[in-house]
**Q** 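Here's a structure for you.
All chains are named by letter (A, B, ...) in the order of the sequence lines, taking the proteins before the strands, and each is independently numbered beginning at 1.
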There are 2 protein chains.
Amino acid sequence: MEKNNSKVIKADGYAWEGLQRREYKNEDRCYKGVHRYSLLGEKEDEQQLNFQTRYFEVEADGYTSFEYHRHPHSVIILRGHGSVILGNELYEISLHDVIYISPGTLHQFHADKGEPLGFICIVDRYRDRPTLPEQEDISDVIHSGEVLRKIKR
Amino acid sequence: MEKNNSKVIKADGYAWEGLQRREYKNEDRCYKGVHRYSLLGEKEDEQQLNFQTRYFEVEADGYTSFEYHRHPHSVIILRGHGSVILGNELYEISLHDVIYISPGTLHQFHADKGEPLGFICIVDRYRDRPTLPEQEDISDVIHSGEVLRKIKR
């Protein structure tokens with residue numbers, strides 16, 4: 001059998017021992033009050049995972065950037081309530097809801113229920129970078145007034 | 001942009017609308033009181049995910065099979081307390097703890113705290129089948145009396 005690199009990373013609420021809470025993104029994009037923990041798949045001894053498991057937390061009234069990319073997301077809500085734009089649709093989301101974000105779908109998470117919104121998000125290790133849509137891209141896809149009013153850019 | 005297959009699967013506690021609770025495994029292996037939901041990555045319209053996101057729940061006093069395989073696991077505890085064998089080590093686990101199970105590591109989850117133990121487990125879509133170890137494999141790896149007493153086969 002192979003070298004055993006297995007481990008347990010202890011949690012304390014919505015924080016993890018030995019893992020640093022980071023800013024959502026390094027670049028300045030249009031988002032508000034978003035933090036993240038890289039849970040598994042980034043460290044040297046975790047390279048046998050082909051995917052990365054991250055935890056994102058959006059502060060009350062915060063939102064992630066409105067973007068799209070080729071790689072899909074698998075998301076599970078771990079904390080609170082909020083909403084998510086998935087293309088032309090707006091969904092209410094709460095604890096343990098599962099969200100599939102398919103390739104190319106414009107999306108944005110909103111912590112719009114007066115509380116933090118936290119979620120696990122799993123992605124391929126090798127993936128394309130997100131793109132911020134042009135007004136044209138948005139007009140092509142989104143016709144719902146409710147969604148158009150919700151978008152933060 | 002591409003076809004939008006995105007979706008929200010609503011949760012009700014530790015169950016998900018439209019998803020069936022299944023038995024842990026189809027074969028008769030050595031486990032007790034384990035159920036699973038396939039959350040994302042198995043359905044026809046989810047094939048762009050290279051990984052699968054599953055939820056497992058072990059009833060109080062239950063345990064998963066004691067096994068190993070080439071593919072690693074990324075695990076996050078979603079419900080309760082329990083313990084996990086990772087090779088020669090035994091760890092207590094509780095809500096939001098993150099567990100990395102490296103390739104080839106013998107492992108087994110135990111709901112040994114008088115309550116159900118539930119966890120998200122993410123794996124590659126294409127992966128090898130688990131192997132149940134021979135006594136020889138176990139003797140090679142496990143010297144801890146505590147772990148040896150804990151193993152259920």
**Q** Quick check for you: to the nearest 0.5 Å, what is the distance between K7(B) atom NZ and I99(A) atom CD1?
**A** 12.5 Å
**Q** Y91(A) and V8(B): which non-hydrogen atoms are nearest, and at how many Å?
**A** CG-CG2, 3.5 Å
**Q** Can you tell me how far OG of S6(B) sits from CG of L106(A), rounded to the nearest 0.5 angstrom?
**A** 9.5 Å
**Q** Indicate, with yes or no, if I151(B) and L132(B) share a hydrophobic cluster defined by side-chain heavy-atom contacts under 4.5 Å among Ile, Leu, Val, Met, Phe, Trp and Tyr.
**A** no
**Q** Most heavy-atom pairs under 4.5 angstrom with chain A, which of L86(B), D140(B), V98(B)?
**A** V98(B)
**Q** Hydrophobic clusters here meaning ILVMFWY residues chained together by side-chain heavy-atom distances under 4.5 Å, can you tell me if Y68(A) and I142(A) are in one?
**A** yes
**Q** Select one option (side chain, backbone, both, neither) describing which atoms of H73(A) are under 4.5 Å from chain B's heavy atoms.
**A** backbone
**Q** Same hydrophobic cluster for V84(A) and Y24(A), using side-chain heavy-atom links shorter than 4.5 Å among ILVMFWY?
**A** yes
**Q** Decide if atom CZ of R153(A) counts as having more than 12 heavy atoms of other residues, nucleotides or ligands within a radius under 6.0 Å.
**A** yes
**Q** By number, which residues in residues 37-44 of chain B have some heavy atom less than 4.5 Å away from chain A?
**A** L39(B), L40(B)
**Q** Applying a criterion of heavy atom separation less than 4.5 Å, what residues of residues 9-18 of chain B form contacts with chain A?
**A** I9(B), K10(B), A11(B), G13(B), Y14(B), W16(B)
**Q** Nearest 0.5 angstrom please: S102(A) OG to L49(B) CG, how far?
**A** 9.5 Å
**Q** State, yes or no, whether a side-chain contact exists between Q48(B) and R70(A) at a heavy-atom distance under 4.5 Å.
**A** yes
**Q** Anything in residues 51-67 of chain A with a heavy-atom distance to chain B below 4.5 Å? Please list those residues in order.
**A** F51(A), T53(A)
**Q** With a 6.0 Å cut-off (strictly less than), is the heavy-atom count around CD of Q135(A), excluding the residue itself, greater than 12?
**A** yes
**Q** Quick one: of D97(A), I93(A), I76(A), who has the most non-hydrogen atom pairs under 4.5 Å with chain B?
**A** D97(A)
**Q** To the nearest 0.5 Å, what is the distance between OH (Y100(B)) and CG (N4(A))?
**A** 9.5 Å
**Q** What residues of residues 114-123 of chain A sit under 4.5 Å from chain B when you count only heavy atoms?
**A** I120(A), I122(A), V123(A)
**Q** Tell me whether V34(B) shares a hydrophobic cluster with V75(B), the cluster being built from Ile, Leu, Val, Met, Phe, Trp, Tyr side chains joined at under 4.5 Å.
**A** yes
